[in-house]
Protein chains: 2
Amino acid sequence: MLTDAFENSVSRFSMRTTPSVCESAFTHPIRLMATPMSFPRNTEIHGEGEPADYFYEIVSGAVRSFKMLMDGRRQIGAFYLPGDLIGLDTGEEYTFSAEAVTNTKVLVIKRSAVISLAARDSEFARQLWTVTTRELRRARLHALLLFKSAPERVAGFLLEMSDRIQSNDEVELPMSRQDIADYLGLTIETVSRMLTQLEKASAIALPTSKRIVLRNREVLKRLVA
Amino acid sequence: MLTDAFENSVSRFSMRTTPSVCESAFTHPIRLMATPMSFPRNTEIHGEGEPADYFYEIVSGAVRSFKMLMDGRRQIGAFYLPGDLIGLDTGEEYTFSAEAVTNTKVLVIKRSAVISLAARDSEFARQLWTVTTRELRRARLHALLLFKSAPERVAGFLLEMSDRIQSNDEVELPMSRQDIADYLGLTIETVSRMLTQLEKASAIALPTSKRIVLRNREVLKRLVA
DNA sequence: CGACCATTTGATATGGATCAAGCGATGTGG
DNA sequence: CCACATCGCTTGATCCATATCAAATGGTCG
């Protein structure tokens, strides 16, 4: 059940994003087979190693998928935003855990239903393949970021998020510094330092810690090389 | 044209790998639409930014896909071995360049032919999606490696290669130390040091610089956590 | 045998981690 | 409405893993 606060925060967030970003992954009637569901901030959507019976399409909010290592390190493999589909990188079992970063609404869709629809409907199959290759390109981009220096990683992250959240040069990040750090393979201290460094170089402004204004995309792009 | 030396090296390599690894990505008659082609060591298969008109299925040899940064750094995004399909992470244009690591034979397949076959043949479409999700899982695994320390990356790399080349605990690496370094985001010196360190810990043996014997997989697995 | 290139080994430098405060929002109880 | 506790973020000081620079070794091909 949703609290009022949740509803408010979700609708506020949704209104900030442009319609195009919120579009479904599919135009096909897969939504008829989908169950809407809500996950409060920081709750688990699925665990690593569980049978991968469902896809989740993000309607609003944000999700992190991650692995915990024995020594306590956490590696975030991806963030999912409205329109994205969770569970594509999956065989029999989920290879990552997934948690809501903010209060999040999803459509839960049976994997088996998707697969059997794809078998019957070639246009749907094509769409499924297209979103999978897009996910693959994103994963490759993420890997490339991890080759780079700390300032480059942070600049690349900001550009990625501003592309995906799409709101003219002002981005409201849904995730904490710790989330960013675990996605970029850095510490929160380093992420913070790089942000202030970018601010001093007037590449960005930080009206609040989660709201980021991209003042000079060229500087950021030059950094990511 | 193939030199004798090339033929020899290819067949030697092929005999070392088990049949299962050399199987085609597809069981379907896509091969009928494919053109066999050979690329000598270190030649370009396709360049970044070129129109992505073809898939390439590796028959024998090995391929690296990579990006060059302005400052001369090279980032290897993936290695492709027999049975793998190149070009899945691609929209209109190739997002990476691809070069033969060793003399390599491929099947060249028109993208348009694959896409139209997938539209007509749902079993083929399913196979195409399956190889794409496998590629996605590999890309995620690669990203995870890049979070880790140098010894962990090298250990993880050796385990990945021994999985993919499959030959009981003795692996003939097709790629140079520089290739490994550019895949792991390390320098050749560090890769070399980590290998000698693993050798001293009797986790591996190095009969020659490219041939690696996995003496103790447990030590390696413990490292990658 | 000798030249060349890849790899290993050694010495030093540095970017980011770690350790340690300080600061600023947000919320809570008095 | 304000003191104050809490939590997330920023800033500062030091340390360490890996890069960088430099040289030695080894393997391959003429």
Side-chain angles (χ1 to χ4, degrees), chain A residues 3 5 8-9 41-42 64 69 71-75 101-102 145-158 172-200 204-212 223, chain B residues 3-6 8-9 12 41-42 64 69 71-75 101-103 145-158 172-200 204-212 223:
Chain A
T3 65
N8 287 336
S9 89
R41 187 169 132 78
N42 293 328
R64 57 181 169 255
L69 275 51
D71 60 14
R73 284 178 291 176
R74 186 183 65 163
Q75 303 182 332
V101 171
T102 58
L145 257 198
L146 298 173
F147 280 87
K148 299 196 163 85
S149 68
E152 293 169 326
R153 289 185 211 192
V154 172
F157 174 76
L158 294 179
E172 177 83 7
L173 297 176
M175 68 288 285
S176 70
R177 294 286 186 273
Q178 188 64 63
D179 287 331
I180 299 172
D182 292 347
Y183 179 71
L184 295 179
L186 300 170
T187 59
I188 46 174
E189 293 95 329
T190 299
V191 170
S192 183
R193 279 186 247 270
M194 297 306 119
L195 286 172
T196 59
Q197 202 170 292
L198 288 172
E199 191 176 28
K200 277 177 190 158
I204 62 169
L206 290 141
T208 76
S209 74
K210 296 206 167 175
R211 184 179 295 264
I212 305 217
L223 266 175
Chain B
T3 65
D4 284 9
F6 179 3
N8 286 337
S9 89
R12 254 193 294 113
R41 186 169 132 77
N42 292 329
R64 57 181 168 254
L69 274 51
D71 60 14
R73 283 177 293 177
R74 185 182 65 164
Q75 303 182 332
V101 170
T102 58
N103 299 325
L145 256 199
L146 298 174
F147 280 87
K148 299 194 163 85
S149 69
E152 291 169 328
R153 290 186 211 191
V154 172
F157 174 76
L158 294 177
E172 178 82 7
L173 297 177
M175 68 288 286
S176 69
R177 294 287 185 272
Q178 188 63 61
D179 288 330
I180 299 172
D182 292 347
Y183 179 71
L184 295 179
L186 301 170
T187 60
I188 46 174
E189 292 95 330
T190 300
V191 170
S192 183
R193 278 186 247 271
M194 296 307 119
L195 286 171
T196 59
Q197 202 172 294
L198 287 172
E199 191 177 29
K200 276 176 190 159
I204 62 170
L206 290 140
T208 76
S209 74
K210 297 207 166 175
R211 185 179 296 264
I212 305 218
L223 266 175

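Quick note on labels: first sequence line is chain A, next is B, and so on, each numbered from 1.
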Could you check how far [atom1] of [X] sits from [atom2] of [N], rounded to whole Å?
{"X": "B:Lys200", "N": "C:dT9", "atom1": "NZ", "atom2": "C1'", "result": "9 Å"}
{"X": "B:Arg41", "N": "D:dC29", "atom1": "CZ", "atom2": "C1'", "result": "13 Å"}
{"X": "A:Lys210", "N": "D:dC9", "atom1": "NZ", "atom2": "P", "result": "6 Å"}
{"X": "B:Met175", "N": "C:dC5", "atom1": "CE", "atom2": "C1'", "result": "19 Å"}
{"X": "B:Lys148", "N": "D:dA17", "atom1": "NZ", "atom2": "C1'", "result": "17 Å"}
{"X": "B:Arg211", "N": "C:dA6", "atom1": "CZ", "atom2": "C1'", "result": "18 Å"}
{"X": "B:Ile204", "N": "C:dT8", "atom1": "CD1", "atom2": "P", "result": "9 Å"}
{"X": "B:Asn42", "N": "C:dC5", "atom1": "CG", "atom2": "C1'", "result": "13 Å"}

Per [X] side chain, nearest of listed nucleotides [options]:
{"X": "B:Thr187", "options": "C:dG16, C:dT18, D:dA19", "answer": "D:dA19"}
{"X": "A:Ser209", "options": "D:dT18, D:dC9, C:dG10", "answer": "D:dC9"}
{"X": "B:Glu189", "options": "D:dT18, C:dT7, D:dC21", "answer": "D:dC21"}
{"X": "A:Thr196", "options": "D:dA19, D:dT10, C:dG16", "answer": "D:dT10"}
{"X": "B:Ser149", "options": "C:dT7, D:dC9, D:dT18", "answer": "D:dT18"}
{"X": "B:Ile188", "options": "C:dG16, C:dT7, D:dT18", "answer": "C:dT7"}

Distance from [X] atom [atom1] to [Y] atom [atom2], nearest 0.5 Å?
{"X": "B:Arg193", "Y": "B:Ile188", "atom1": "CZ", "atom2": "CD1", "answer": "10.0 Å"}
{"X": "A:Leu184", "Y": "B:Phe147", "atom1": "CG", "atom2": "CZ", "answer": "7.5 Å"}
{"X": "B:Leu195", "Y": "B:Arg177", "atom1": "CG", "atom2": "CZ", "answer": "5.0 Å"}
{"X": "B:Leu158", "Y": "B:Leu173", "atom1": "CG", "atom2": "CG", "answer": "6.5 Å"}
{"X": "B:Leu206", "Y": "B:Ile212", "atom1": "CG", "atom2": "CD1", "answer": "5.0 Å"}
{"X": "A:Leu223", "Y": "A:Met194", "atom1": "CG", "atom2": "CE", "answer": "10.5 Å"}

Take the C1' atoms of the five end pairs on each side of the helix from C:dC1-D:dG30 to C:dG30-D:dC1, derive the two axes, and give their angle rounded to 10 degrees.
-> 30°

Assign B:Thr208 to base, sugar-phosphate, or nothing according to its heavy-atom contacts below 4.0 angstrom with the strands shown.
-> nothing

Just checking A:Leu195: base, sugar-phosphate only, or nothing, at a heavy-atom cut-off of under 4.0 Å?
-> nothing

Using a cut-off of less than 4.0 Å, is there contact between a side-chain N or O of A:Ser192 and OP1 or OP2 of D:dC9?
-> no

Hey, is the side chain of A:Arg193 poking within less than 4.0 Å of OP1 or OP2 on C:dG16, counting only N and O atoms?
-> no

ring-ring contact (aromatic ring centres under 6.0 Å, His included) partners for B:Phe157, two or more places apart | B:Tyr183

Confirm from the modelled atom types if A:Gln178 and D:dC9 form a donor-acceptor pair under 3.5 Å, side chain to base only.
-> no

Is it true that a side-chain atom of B:Arg153 and a backbone atom of B:Lys148 form a donor plus acceptor pair closer than 3.5 Å?
-> yes

